[in-house]
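Report on one structure; see the data block that follows.
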Amino acid sequence: MFQRFRRTRLNPHLRSLVRETLVSVDDFIYPLFVRPGEGIKTEVSSMPGVYQMSLDEVIKECEILKAMGLYKVILFGIPETKDSVGSDAVCDHGIIATAVREIKRAHPDMFVVTDLCFCEYTDHGHCGIIDHVHQTVDNDATLKISAQQAIVHAKAGADLIAPSGMMDGIIETLRDALDGGGYESLPIMSYSTKFASGYYGPFRDVAESEPSFGDRASYQMDPANRREAINESIADEAQGADILMVKPALAFLDIIRDIREVTNLPLAAYNVSGEYALLKLAGKQGLIDYDRVMMETMVGFKRAGADILISYHAKEVAKILN
Ligand code: PBG
Ligand code: ZN
């Protein structure tokens, strides 16, 4: 006697009753790129539909996002000036601090996540202060300025802080700094398992953050390592992270599942720029049914174990779900 699996597939209502994984607009965080100026909205060629925007345009964009049910954004900044230590990122009048303040003023009901890193703010494009002897990022020196950056974000009114630099000890450092500054209730979403990935290519065009020498392999993870990937996230949970993350998502679905199995914390998947670009281009060329492939990809992230999706597709998904 064989099992008749098809019995529950014959009727769309029955299919919806037995569906195991749902994608909701509530799952999404939408990335925004803010730059100085006024009236600027520049599309980036490698990421059609993604723009560098001046703050006035970002504030208009939030209106559109809210109308679609998208209340959560993550901010990336392109500063007026860059230097060796990323000063703009630790200044109360820097691009991100200003953006958070103004967005929260115009839209108190928006939820603003800040990416905490230095690569967009340093003239060398690396994620912290350079250790010239070892030609890498100095971990502990970068922890110090990261704590300052966290306080700048907190003072500006950020709702969630997301360190993405892959410095060891960053979560403990930021938690201590935030608690010490009276921000015990401000949560941290760690980019806890972040791989050194070619899929970040288009992002670095938008954020203007390509390293001027070398690469990020001495601080971001080797895509070949599974056990280390799990350890990275467990360590951040132990240090006090409130939400964990796997990044990129598409080639790392196994890692999302692995981490889901070892933690009870909420888990985010970052559906990165290169993943977005692949679908976009294939869709434009008419090679795939774009909407269908996109939704299948989103459900795949959730089925793998992600609770939260950070994705450039968020608006397109919302259009389909609304
Ligand atoms: C900054 C940062 C990066 C991304 C998010 N935060 C780039 C990088 O590590 O080079 C990548 C996002 C994407 O590709 O969509 N550290
Ligand atoms: Zn960085």
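Note that ligands are numbered from 1 as they come in the structure, with each ligand's atoms numbered from 1 the same way. These numbers come from the heavy atoms of this one structure, side chains and all, not from hydrogens, waters or symmetry mates.
Both tests pass for Lys41 against the ring of Tyr51: distance under 6.0 Å to the centre and angle within 45° of the axis. Stacking of Lys194 on the aromatic ring of Tyr200 is recorded, both the 6.0 Å distance cut-off and the 45° axial limit being met.
Cluster note: Leu287 groups with no other residue, as no ILVMFWY side-chain heavy atom lies under 4.5 Å from it.
Side chain to side chain, Asp83 and Ser87 meet the donor-acceptor criterion of an N or O pair below 3.5 Å. Under 3.5 Å, the side chains of Asp236 and Ser192 contain no donor-acceptor pair of N or O atoms. Side-chain atoms of Asp131 and Thr136 form no donor-acceptor pair, as typed in the model, at a separation below 3.5 Å.
Legend: protein N/O/S atoms lying under 2.8 Å from the Zn ion (ligand 2), waters omitted, number 3.
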Nitrogen or oxygen contacts under 3.5 Å, ligand 1 side and protein side:
from     : atom 1 : to     : atom 2 : distance (Å)
ligand 1 : 6 (N)  : Asp115 : OD1    : 3.3
ligand 1 : 6 (N)  : Lys247 : NZ     : 3.4
ligand 1 : 9 (O)  : Lys194 : NZ     : 2.8
ligand 1 : 9 (O)  : Gln220 : NE2    : 2.9
ligand 1 : 10 (O) : Arg204 : NE     : 2.7
ligand 1 : 10 (O) : Arg204 : NH2    : 2.7
ligand 1 : 10 (O) : Arg216 : NE     : 3.0
ligand 1 : 10 (O) : Arg216 : NH2    : 3.3
ligand 1 : 14 (O) : Ser273 : N      : 3.3
ligand 1 : 14 (O) : Ser273 : OG     : 2.7
ligand 1 : 15 (O) : Ser273 : N      : 2.8
ligand 1 : 15 (O) : Tyr312 : OH     : 2.6
ligand 1 : 16 (N) : Ser164 : OG     : 3.2
ligand 1 : 16 (N) : Lys194 : NZ     : 3.0

In a table with atom names and distances, give each donor-acceptor pair under 3.5 Å that connects a side chain of residues 250-257 to protein atoms at least two apart or in another chain.
from   : atom 1 : to     : atom 2 : distance (Å)
Arg257 : NE     : Ala304 : O      : 3.0
Arg257 : NH1    : Glu261 : OE2    : 2.6
Arg257 : NH2    : Arg303 : O      : 2.9
Arg257 : NH2    : Ala304 : O      : 3.2

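The CG atom of Asp115 sits 11.0 Å away from the CZ atom of Phe118 when rounded to the nearest 0.5 Å.
Under the 6.0 Å cut-off for aromatic ring centres, Phe76 and Phe203 qualify, their centroids lying closer than that.
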